[in-house]
Asks: 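Structure in structure tokens, see below.
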Amino acid sequence: MAAMAAQAGRMHVLSPSMAAGTECSPPSLRERNLATVCGQGSSWVATSAACTAQQRRFHRSPAFCGNCVASPDALAHRSTATVSARLVRDEHGAYVQQQPSSSCMVFCAGAKDGGRKVASSRRWPGEDSLWSSSSLSSSSSSSSFSRIGVVRAAATKLSMMGSGGKQDDEERKVISTLAAEEEKPLTKKKGERRRATTKATATDMEATKPVEEEAPKEAEGKVTSLTMDDVKAAERGMDKRPHVPLSSTFQRKTKIVCTIGPTSNSREMIWQLVDAGMNVARLNMSHGEHQWHRAVVDLIKEYNAQPGVDNVAIMLDTKGPEVRTGDVHEPILLTMGQEFTFTIKRGVVDEKCVSVNYDGFVDDVEIEDIVLIDGGMQSLAVKSKTKDSVICEVVDGGYLTSRRHLNVRGKSATLPSITEKDWEDIKFGVDNGVDYYALSFVKSADVVHELKDYLKSKNADIKVLVKIESADSIPNLHTILEASDGAMVARGDLGAELPVEEVPILQNQIIQICRSMVKPVIVATNMLESMINHPTPTRAEVSDIAIAVREGTDAVMLSGETAHGKYPLKAVKVMHTVALQTEATLAESSQSSQGPFVRQDSGQAHRLGPVELLIKQLPSKRMADLNYERELYADRMEKNHMSEMFAFHATMMANTLGASVLVFSRSGSMAHLLSHYRPQGIIFTFTNDKRVQRRLALYNGVRALYMEFSADAEVTFKKALAMLVEYGMVEPGEEVALVQSGRTPIWRSESTHHIQVRTVQ
Ligand SMILES: Nc1ncnc2c1ncn2[C@@H]1O[C@H](COP(=O)(O)OP(=O)(O)O)[C@@H](O)[C@H]1O
Ligand SMILES: C=C(OP(=O)(O)O)C(=O)O
């Protein structure tokens, strides 16, 4: 079979170690019975129908339940796969391998909706319908609906490709069969009805007018075979249907921040990035004019305005007092040992000299200092100075391109944290209603207070994340974080100003401190750097993402990978898959090795309070720091006692039941608290404030949905549950933990605080 697989290139191979009839617990099943799709290292095993609601919760993670063995994340890799067998339980409850009774091409419609729904052209023994999607999926309101779109788009695509296309015969045959099948009447399901209604409005159609422009990425734009992305693109282009809520990435708890740049600023790309998993769009104000950024903001707003979609938050990253080289006409090659000069004169560029944007550069630098370009991609030793130039010798050579970072090893530039340009950009953010500022090179809490005072004076409700990237910020870390609304571990500059080996230690500490303060934290820079030029990540990059997830970060960030890389979508998909997979192992290990609740590495729901957690996680942390954390925690508990308690106990309850959490929040504060406790299920947060919904996009485990609240709590609960069922996020029969608490309880007259367990109808 393995040989056949190699030949076919995308044969689904069941591990030879899986003996038919072997009874396996989910983890061992996963270890032993993985199958490979498309030779891409992803894995899935076809599903059985008979899984209970309790088992189905495993579907939201790449773990497998005993009955229904599917690896949703694998579906994100590829839209089609050939499957040779599936696992089902026999009459004794043991797992057996079942061969399909007809051709077995699978269209992983699940790639669109979380990998839980799979439409197939197979016939399985005992099932008479060619469209036995129910045999492959959990109950779904939108699987047939996904299939219709996929089939129609695929068929149209096929006809466009003509006979000269590169599609292989087998795939063509199946697409044609599926297209013919589409004409057959189907029982309408909720999702279809919904689509039919939305499809009718002309305004909606106009809103989703397809982009005529070429896909901006050469590498990702080329169509060599029909993938889900092609199908989706074709689907959008052909049908002009409104964008519908996609749940493909809602199971992932760790959020993804994508920097928008020249390769990702088109409408088409932004839509695809969201589908692939983008939660927050970052605008880097070091590049591009306001007009450029406004166009991106407008696109994100247009995306968010669609009914029912996952909202994307906008984060404006200030340039800060960063020192950069000027523009160059073409890359300048720096060779080891050569002389090279940095000058504060503007607009100078030749093969031996380039401008620097900071007038104090010459004063800040001393002979023998090491100047790093882009955090050390090239480095130069300072040999001499004149009044306007620094003359260096190249230590590590390479190509110098436009507007590159300059750092002096071990030193911070003596510039104010918020420059004049930053104030202009901050005003731009206020005018355009961004959700977060990422404030660069913060060295003390004062600057955060200054910005917050300004925002207050403008009545602008924008949250301030501090970028920890300056050597000078470390001694003031606690006060800076305390003043902020969250942080970014900006490893690029941090690793240039401080020895690189300190970066992982600081990363961990910053994450833990933010967590203990109930503030979101982002790990940034170089996460999938090699994917700027290559379609697959290095193993070290994959580990880097996994480590950040294990440490409990709220979000991971892509910079050049999505801003100017060749494979922006692939990079997001890799990040999504790695995070999802890592989160599943955290959930598993918390269930098996340490009992149901106690987690120490990821900080998931635990019986210990945040301070105890911190002590366990950071054995090397100084006692003084821990006492400080303890005081903060005590202070928070005092102010927020009830909500803290309810968030904690709701988490415990949800974990015990294997259920998701449902919360109603005007300000988002209860969602923040729940996120802090990291429940194993999703925190579905209903809010009646669009701004809060967008902001929550950054928080670990939170899925925020917009809804008007009714004066009657029960009406609101029912509406919320119905919405989740409609979007395929929960299923009838499933239990959810519903929390009614928070600083400003919504139905104050009804009760004070409570947690209930509801079974979805
Ligand atoms: N708005 C933009 N306009 C042009 N280029 C951009 C923009 N945003 C990002 N880029 C490009 O993507 C690269 C990587 O993004 P990022 O890491 O945010 O930048 P940097 O490291 O330069 O601060 C940048 O160096 C730049 O070449
Ligand atoms: C995220 C960072 O900031 P920027 O890309 O703005 O330099 C960093 O230095 O890691």
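Note that ligands are numbered from 1 as they come in the structure, with each ligand's atoms numbered from 1 the same way. If you're wondering where the values come from, they're calculated on a predicted model, not measured in any experiment.
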Asks: Looking at ligand 2, does any of its N/O atoms fall within less than 3.5 Å of an N/O of Gly492?
Replies: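 Checking ligand 2 against Gly492, an N or O pair does fall under 3.5 Å apart.
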Asks: Out of His405, Met285, Met557, whose heavy atom sits nearest atom 21 (O) of ligand 1?
Replies: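 Nearest option to atom 21 (O) of ligand 1, by heavy atoms: His405.
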Asks: What atoms of ligand 1 come within less than 4.0 Å of a heavy atom belonging to His564?
Replies: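 Those atoms are 12 (O), 13 (C), 27 (O).
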Asks: Between ligand 2 and Arg324, is the shortest N or O to N or O distance under 3.5 Å?
Replies: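 So ligand 2 has no N or O lying under 3.5 Å from an N or O of Arg324.
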Asks: Could you tell me whether Arg403 and ligand 1 have an N or O pair separated by under 3.5 Å?
Replies: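 Between Arg403 and ligand 1 (N or O atoms, distance only) the closest approach is not under 3.5 Å.
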Asks: Check whether any N or O atom of Thr259, backbone or side chain, sits under 3.5 Å from an N or O atom of ligand 1, and answer yes or no.
Replies: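 No; the residue has no nitrogen or oxygen that sits under 3.5 Å from a nitrogen or oxygen of the ligand.
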Asks: I need the Gln306 CD to Lys301 NZ distance, nearest 0.5 Å.
Replies: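 Going from CD on Gln306 over to NZ on Lys301, the span is 15.5 Å.
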Asks: Would Ser440 count as a polar contact of ligand 2, with the cut-off being nitrogen or oxygen pairs under 3.5 Å?
Replies: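 No; every N/O pair is 3.5 Å or more apart.
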Asks: Indicate the atoms forming the closest heavy-atom contact of Arg252 with Gly277, along with that distance.
Replies: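 In this case the closest contact between Arg252 and Gly277 is NH2-O, 2.9 Å.
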Asks: Say whether Glu322, considering both its backbone and side-chain N or O atoms, lies within less than 3.5 Å of an N or O atom on ligand 1.
Replies: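 Checking ligand 1 against Glu322, no N or O pair falls under 3.5 Å apart.
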Asks: Any sub-3.5 Å donor-acceptor pair from Asn700's side-chain atoms to Thr553's backbone N or O?
Replies: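 Looks like yes, one N/O pair under 3.5 Å.
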Asks: Polar contacts were defined as any N/O atom of the residue lying under 3.5 Å from an N/O atom of the ligand; does this apply to Ser286 and ligand 2?
Replies: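 Checking ligand 2 against Ser286, no N or O pair falls under 3.5 Å apart.
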Asks: Under 4.0 Å, counting heavy atoms only: does Arg282 come that close to any atom of ligand 1?
Replies: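 Yes.
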Asks: For Lys467 and ligand 2, answer yes if some heavy atom of the residue is under 4.0 Å from a ligand atom, otherwise no.
Replies: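 Yes.
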Asks: Taking only heavy atoms of Arg491 into account, list the atoms of ligand 2 that are under 4.0 Å away from them.
Replies: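 Those qualifying, in numeric order: 10 (O).
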Asks: For atom 15 (O) of ligand 1, which protein heavy atom lies nearest, and how many Å away is it?
Replies: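 For atom 15 (O) of ligand 1, the nearest protein heavy atom comes out as Gly560 N, 3.8 Å.
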Asks: Is Asp425 salt-bridged to Lys421, going by a charged N under 4.0 Å from an acidic O?
Replies: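 Salt bridge between Asp425 and Lys421, a charged N being under 4.0 Å from a carboxylate O: yes.
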Asks: Judged by non-hydrogen atoms, does Ile260 sit under 4.0 Å from ligand 1?
Replies: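 A heavy atom of Ile260 does come that close to ligand 1.
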Asks: Tell me, which protein residue and heavy-atom name are nearest atom 10 (O) of ligand 2, and how many Å apart are they?
Replies: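 For atom 10 (O) of ligand 2, the nearest protein heavy atom comes out as Thr525 OG1, 2.5 Å.
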Asks: Can you spot which of Val354, Asn357, Asp374, Thr401 makes a side chain to side chain contact (heavy atoms under 4.5 Å, CB included) with Thr325?
Replies: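 The single option meeting the side chain to side chain contact (heavy atoms under 4.5 Å, CB included) with Thr325 is Val354.
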Asks: With nothing but distance in play, are any N or O atoms of Asp317 less than 3.5 Å from an N or O of ligand 2?
Replies: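 Among all N and O atoms of Asp317, none is under 3.5 Å from an N or O of ligand 2.
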Asks: Just heavy atoms, cut-off under 4.0 Å: does Pro262 contact ligand 1 by side chain, backbone, both, or neither?
Replies: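 Under 4.0 Å from ligand 1, Pro262 contributes side-chain atoms alone.
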Asks: Starting from atom 7 (O) of ligand 2, locate the nearest protein heavy atom and write down its residue, its atom name and how far away it is, to 0.1 Å.
Replies: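 Its nearest protein heavy-atom neighbour is His405 CE1, 2.6 Å.
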Asks: Checking a contact table here: which protein heavy atom is nearest atom 12 (O) of ligand 1, and how many Å away?
Replies: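 Sorting protein heavy atoms by distance from atom 12 (O) of ligand 1 puts Ala563 CB, 3.3 Å first.
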Asks: Distance to 0.1 Å, residue and atom name: give those for the protein heavy atom nearest to atom 24 (C) of ligand 1.
Replies: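 Going atom by atom, the protein heavy atom closest to atom 24 (C) of ligand 1 ends up being His287 NE2, 3.3 Å.
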Asks: For Arg324, which part has a heavy atom under 4.0 Å from ligand 1: side chain, backbone, both, or neither?
Replies: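 Only the side chain of Arg324 comes within reach of ligand 1.
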Asks: Starting from atom 5 (O) of ligand 2, find the nearest protein heavy-atom neighbour and note its residue, name and distance.
Replies: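 Among all protein heavy atoms, the one nearest atom 5 (O) of ligand 2 is Arg282 NH2, 3.1 Å.
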Asks: How far is atom 16 (P) of ligand 1 from the closest protein heavy atom, and which atom is that?
Replies: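 Ranked first by proximity to atom 16 (P) of ligand 1 is Asn284 ND2, 3.5 Å.
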Asks: Could you tell me whether Asp485 and Lys452 have a side-chain N and a carboxylate O separated by less than 4.0 Å?
Replies: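 Answer for the salt bridge query: yes.
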Asks: With a 4.0 Å cut-off, would you call Asp435 and Arg695 a salt bridge?
Replies: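 Result for this pair is no, no salt bridge flagged.
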